[in-house]
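Note on naming: letters A, B, ... go to the chains in the order of the sequence lines (proteins, then strands), and numbering restarts at 1 for each one.
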2 protein chains.
Amino acid sequence: MAGNSRLATAIHVAGMLSFADSMPLTSEAIAQSCGTNPVVIRRIIGLLTKSGLVIVKKGTGGGARLTRGPEYITLGEIYDALEEGALFDVPQFEAEHPCPLAKVVRPVLADVLNDAEREMKHYLCERSLAEVIELVRLRLGSSFGDSSFSAGCAADSSL
Amino acid sequence: MAGNSRLATAIHVAGMLSFADSMPLTSEAIAQSCGTNPVVIRRIIGLLTKSGLVIVKKGTGGGARLTRGPEYITLGEIYDALEEGALFDVPQFEAEHPCPLAKVVRPVLADVLNDAEREMKHYLCERSLAEVIELVRLRLGSSFGDSSFSAGCAADSSL
DNA sequence: CAAGTATGTAACTAGTCTGGTTACACTATG
DNA sequence: CATAGTGTAACCAGACTAGTTACATACTTG
């Protein structure tokens, strides 16, 4: 349970919502596809909602759906929605720290490691959800048509 | 104590060893500069040694020193030495998984997120330890000369 | 050889995070 | 009102980071 699978789950969720198009999906249905618990899904959907990527309808027939088409959602936006902290922690020192070199090294390290993280984020910002879905379509080959995704998966697992 | 400060510490350590040039530094001296415990430093130095970046001499007058000049050590090598796991965990599903879409989505996500991580690593591999040291020199301005680094910091904190 | 110095490593603790789970209040539909 | 969903709090388990103590081992010097 060590690694961080939240981003994988979040993109998985967004992808499913994209397939379902305007039909809202329940956290229960999504959780089955993701092999996890509805509450875990709701926690993630809550963050996506907070970032304006998703809109949620409560009550009977409710569920979540995307606010935009997948071409207009980048993986970077999904990553940001999760509010992860900095990838690398660079503790800074107080003025009284005995080693003068250390006090200068740390801000430099913070800059460099921040840049490294930015490279990763930049890559994610250049990949749209639609691109990911297209890759999935390619892997699926021709076994499914366009609309059979939601019919074949989301509908199945919601019953 | 949440974040991962190991990379920052490891680069800090390598930077100090570079300043000390051929004079071995003890984990005690480095720990003082890093504001942490000698054992923490030894754990990191152990990994750097395992990767061939550092060589260690035991006993009186012992300590660690770099095996190469800082121009020939990249931050990517230091990152790899720490043997961190994958940045993003992408759990895969068994063949019996109920949702057929999910089983196809996960390998795609693994690819995409792996690429994102690779972008970050690529940036680190293009930055040498010498470049970091140069940035530190620039921030220090002209208050210190070249050799006063090890004399001013490492030597001070080792006494 | 003996004493001192330094590493290597195991063991334990504390704090934090992710993920799983249960429980329950709230809300919208019909 | 009954049902279907979400939102959220609370708690547990597992894992990791960092700090610390303790001790065996190895090297150097006198």
Return the value, rounded to whole Å, for the distance between atom [atom1] of [X] and atom [atom2] of [N].
X       : N      : atom1 : atom2 : answer
B:Arg65 : C:dT7  : CZ    : P     : 13 Å
A:Ile30 : D:dT6  : CD1   : P     : 8 Å
B:Ile41 : C:dG8  : CD1   : P     : 13 Å
A:Phe88 : D:dT17 : CZ    : P     : 13 Å
B:Leu82 : D:dC16 : CG    : P     : 15 Å
A:Asp89 : D:dC16 : CG    : P     : 18 Å
A:Glu28 : C:dT21 : CD    : C1'   : 13 Å
A:Asn4  : D:dC16 : CG    : P     : 13 Å

Name every residue in residues 44-52 of chain B that has at least one heavy atom under 4.0 Å from any atom of DNA chain C, in order of residue number, or write none if there are no such residues. none
Contact class for B:Arg6 (heavy atom, under 4.0 Å): base, sugar-phosphate, or nothing? sugar-phosphate
Return the minimal non-hydrogen interatomic distance between B:Ala110 and B:Gln92, and the atom names on each side. CB-NE2, 3.8 Å
Donor-acceptor check, side chain of A:Glu119 to backbone of B:Tyr123, threshold 3.5 angstrom: yes or no? no
Whether B:Arg106 side chain and B:Pro91 backbone form a donor-acceptor pair below 3.5 Å: yes
Given D:dT17, C:dG19, D:dT6, which nucleotide is nearest the side-chain atoms of A:Val40? C:dG19
What is the per-nucleotide protein-contact pattern of nucleotides 22-30 of chain C, from the 5' end, where B denotes a base atom under 4.0 Å from a protein heavy atom, S denotes such proximity for sugar-phosphate atoms only, and - denotes neither? B----BBB-
Testing B:Leu109, B:Val105, B:Asp111, B:Val108 for side chain to side chain contact (heavy atoms under 4.5 Å, CB included) with A:Leu135, which one passes? B:Val108
Which is more 5' along DNA chain C, the nucleotide nearest A:Arg43 or the one nearest B:Arg43? Just name the residue. B:Arg43
Residue whose closest nucleotide on DNA chain D lies nearer the 5' end, B:Ser5 versus A:Val56: A:Val56
